Amino acid sequence: MCGIVGYVGKSQALSLVIDGLRKLEYRGYDSAGIALAPDLQPENLENKLWVEKKAGKLSNLESQLTGEIPNAHSAIGHTRWATHGGPTDLNAHPHLDNEGKLAVIHNGIIENYLDLRKELEAKGHKFTSQTDTESVAHLLSDARKAHHGDLAAAMREICGKLRGSFTLLAIHADDPSRIVGARRNSPLVVGAGEGENFLASDVSAFISQTKRAIELGQDEVAEITADSIEVTNLKGEKLPLKEYEISWNAQAAERGGYEHFMLKEIFEQPKAISDTLIGRLGKEGKVIENNIDLKNISKVVIVACGTAYHAGLVGKYAMETWAHLPVDVELASEYRYREPYADEKTLVVAISQSGETMDTLMALRYAKSQGAKIVAICNTQGASIAREADAIVYTHAGPEIAVASTKAFETQIIAIYLLALQLAKVNQTISPELIAELEYEIESLPNKVEQILETVEPLRELTRKFKDANSMLFLGRHVGYPTVLEGALKLKELAYMHAEGFAGGELKHGPIALIDNGTPVVAIMPPANSIIAEKMASNIQEVKARGAVIIQIGDHKLASADHYIHIPTSPEFLQPVLAVVPLQVIAYEMAVARGNDVDQPRNLAKSVTVE
């Protein structure tokens, strides 16, 4: 949820940490702050940290960084998505102990912070913010003194007292050569450089400096200096370093000439789909890493949130038809609280772009405790969901910086298609000829998406005509229904306007009352050979007769359409990969036309790492 970065090394720390925060601002932009640990000077007996923090976006903090700034080769920085306490200067991170020597930044929620705060106030500690994080700073300060200045030992001790989810980074003015971090149910990764090392909530913070990364497990503590990295468990036992190489480069996290990251990522979708397909089709294709036995599965449960949930709904149609298995798609935030039944014949598919979505992670853990087999669909190597699953289907979307997801959604659908075909192959539920035909059609999707993107300018111009609309409705049937749910979500996220997606057949059961003269209605028309094509055409006619303006997406134009957006013909089950692209463009262009911040919409953050 929040962006975290720490640096120790040969360079001046300020510019590197600010650059890292700029790469992480998509994780939270309610406020930002930085703490420098100045190089020790014999004449400076105070050895206090240099701290600046400011409410609002990172640019607000950068404008404060004037005047005399001390030399510092270590620093920690934070960009916040507010939970406890509003987005104010005082509540911005870092938070300090009462001596001004120790600073802490935090992602997550400390559930027992009020009890900790009362205990600390009783000992004489003074608090200045409303946050849960400040309790950690005071607690860590006391523990460090008890451990004779050993910050890592102090971190291990206090982690045993904290309840909730957290990534913590801490630095002390008396020992500026080291930074200590810890994680529980929240992401933290080490960047290993030459004469410099990093700690961050996402590799994008340091990818311009190093492609070597070290993953941290649950309840592990990392201690970095310019020349060393040490990882321990909470008992203080040294652990082996799990290093991997980041597969994308720094340019992938830049806008590359596009006006917004979201527009760039929309246009990256053909490559993202193609990359996700590499090596996974045909008889020799390998879909799942850490292969598990997919035989004797009696049902599939897909757990996900938001956009990933919509990808799961699309996948349900394909998986039930191809693999002949019953599939439930569950909102991860609700799944475990109704105590659903699962056993060793249940396959649970957990979908998360970041691999750190807390609701999905907790649903995964519940299902695993019931004996279910777990397959993760994830875009982030070494993420919590990927590590805790029995097997993984990695998507290869590359970094997605815009908060509103586009290419992650597309690649998640592709991953579910691949998993559904793998289940069909294992259980021999459809013929080899049909599998070969479907794989051929799936392989053609990147080129078809490219064709759509080559013709989006008229759609962008059309969208601007509706910028003053109060509401926009979306209609679809079959796989078109979850697709329009995603389209409506994108419009809500970006345009801040009322938008709803409906199954076409449900209109007459109530939602048609929303139609008024001039109401824009975006309708996805199934292929002409679909058994529901005529029914969907009737649904479109129903809203047209009541004054709606019809924006039709499909491979053939209806006479009732006021505006037509062409997409290439594909099998019905694969149509969402194509039909969602115009929906993304509509949401993007509507946000631009209304003057909204496209990449950082209000109240949202990219990765939701709290429940």
Side-chain angles (χ1 to χ4, degrees), residues 2 4-8 12-14 17-18 21 31-55 60-61 64-80 84-85 88-106 110 113 116-117 119-155 157-158 166 168-182 199 223-225:
C2 303
I4 282 177
V5 60
Y7 171 81
V8 181
Q12 289 291 324
L14 177 62
V17 171
I18 290 294
L21 290 180
S31 61
I34 189 168
L36 301 178
D39 300 339
L40 290 176
Q41 302 292 333
E43 67 276 11
N44 181 11
L45 299 179
E46 289 188 351
N47 291 331
K48 293 204 173 180
L49 299 173
W50 187 89
V51 176
E52 284 286 353
K53 51 187 187 175
K54 192 70 176 173
N60 292 357
L61 172 66
Q64 295 283 106
L65 302 178
T66 58
E68 188 173 343
I69 298 174
N71 287 326
H73 292 79
S74 61
I76 58 176
H78 188 270
T79 178
R80 181 177 186 238
H84 292 74
T88 65
D89 289 356
L90 284 176
N91 289 333
H93 296 212
H95 289 286
L96 305 177
D97 66 354
N98 286 149
E99 296 175 338
K101 285 178 169 280
L102 182 145
V104 170
I105 54 179
H106 167 221
I110 307 299
Y113 83 100
L116 295 172
R117 181 168 180 147
E119 292 175 11
L120 290 159
E121 285 177 331
K123 293 180 180 179
H125 288 268
K126 305 297 182 184
F127 285 72
T128 60
S129 79
Q130 302 166 306
T131 68
D132 52 342
T133 308
E134 192 177 0
S135 295
V136 178
H138 293 287
L139 195 67
L140 190 58
S141 180
D142 282 357
R144 182 182 178 275
K145 292 171 184 175
H147 285 279
H148 308 290
D150 188 334
L151 188 58
M155 182 69 81
E157 178 189 321
I158 72 153
F166 52 80
L168 298 168
L169 256 60
I171 194 168
H172 199 282
D174 288 345
D175 188 7
S177 64
R178 80 186 64 246
I179 298 173
V180 173
L199 281 164
E223 182 178 11
I224 65 168
T225 68

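Along the sequence shown, residues carry numbers from 1. Predicted model only: the values in this text are computed from it and were never measured.
The only option from K126, K145, K48 that meets the salt bridge (charged side-chain N to carboxylate O under 4.0 Å, His left out) definition with E99 turns out to be K145.
The shortest heavy-atom contact between A170 and V104 is CB-CG2, 4.1 Å. Across all non-hydrogen atoms, the minimal contact from D97 to S141 is OD2-OG, 3.0 Å. Taking each heavy atom of D174 and P176 in turn, the nearest pair found is C-CD, 3.6 Å. Nearest heavy atoms, I110 versus D132: N-OD2, 2.9 Å. The minimum heavy-atom distance linking H84 with Y113 is given by the pair CD2-CE2, 3.2 Å. Taking all atoms of both residues into account, the shortest heavy-atom contact from L90 to H95 is O-CE1, 3.4 Å.
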Given the rule in the side-chain contact (heavy atoms from CB on, under 4.5 Å) test, do L102 and L151 qualify, once you have shown the distances and angles that lead to the verdict?
CA-CA 10 Å; L102 182 145; L151 188 58; 3.9 Å; yes
In sequence, state the C-alpha distance, the side-chain angles, and the governing distance for I18 and L61, and then conclude on side-chain contact (heavy atoms from CB on, under 4.5 Å).
CA-CA 9 Å; I18 290 294; L61 172 66; 4.1 Å; yes
For L168 and L140: C-alpha separation, side-chain torsions, deciding distance, then whether side-chain contact (heavy atoms from CB on, under 4.5 Å) applies.
CA-CA 11 Å; L168 298 168; L140 190 58; over 6 Å; no
For a side-chain contact (heavy atoms from CB on, under 4.5 Å) check, start with the C-alpha distance between E52 and I69, then their side-chain angles and the critical distance, and finish with the verdict.
CA-CA 11 Å; E52 284 286 353; I69 298 174; over 6 Å; no
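Residues satisfying the salt bridge (charged side-chain N to carboxylate O under 4.0 Å, His left out) test with D175, not counting sequence neighbours, are R178.
Within the model, atoms CG of L169 and CD1 of I76 stand 6.0 Å from one another, a figure rounded to the nearest 0.5 Å. Distance check: E134 CD to H93 NE2 gives 10.0 Å after rounding to the nearest 0.5 Å. From K53, atom NZ reaches atom CG of L96 across 6.0 Å, with rounding to the nearest 0.5 Å. Atom CD1 in I4 sits 9.5 Å away from atom CG in L199 (nearest 0.5 Å). Here the straight-line distance linking atom CZ of R80 with atom OG1 of T133 works out to 7.0 Å at 0.5 Å rounding. Atom-to-atom distance recorded for K101:NZ and L49:CG is 8.5 Å, nearest 0.5 angstrom.
Residues L120 and D142 have side chains in contact (heavy-atom distance under 4.5 Å, counting atoms from C-beta outward).
Side chain of T79 to backbone of L21: no donor-acceptor contact under 3.5 angstrom is found. In this structure, the side chain of Q12 engages the main chain of A72 through a donor-acceptor pair within 3.5 Å. Formation of a donor-acceptor pair under 3.5 Å by the H78 side chain with backbone atoms of H106 is found in this model. Put simply, the side chain of N98 never gets that close to the backbone of H125: no donor and acceptor are under 3.5 Å apart. No donor-acceptor distance shorter than 3.5 angstrom exists from the side chain of N60 to the backbone of K54, with no hydrogens or angles considered.
Between the side chains of S129 and T131, at least one donor-acceptor pair of N or O atoms lies under 3.5 Å.
For the pair R117 and E121, the salt-bridge criterion is met [side-chain N within less than 4.0 Å of a carboxylate O].
Relative ring orientation between H138 and F127 is described as tilted, the plane-to-plane angle lying within the 30° to 60° band.
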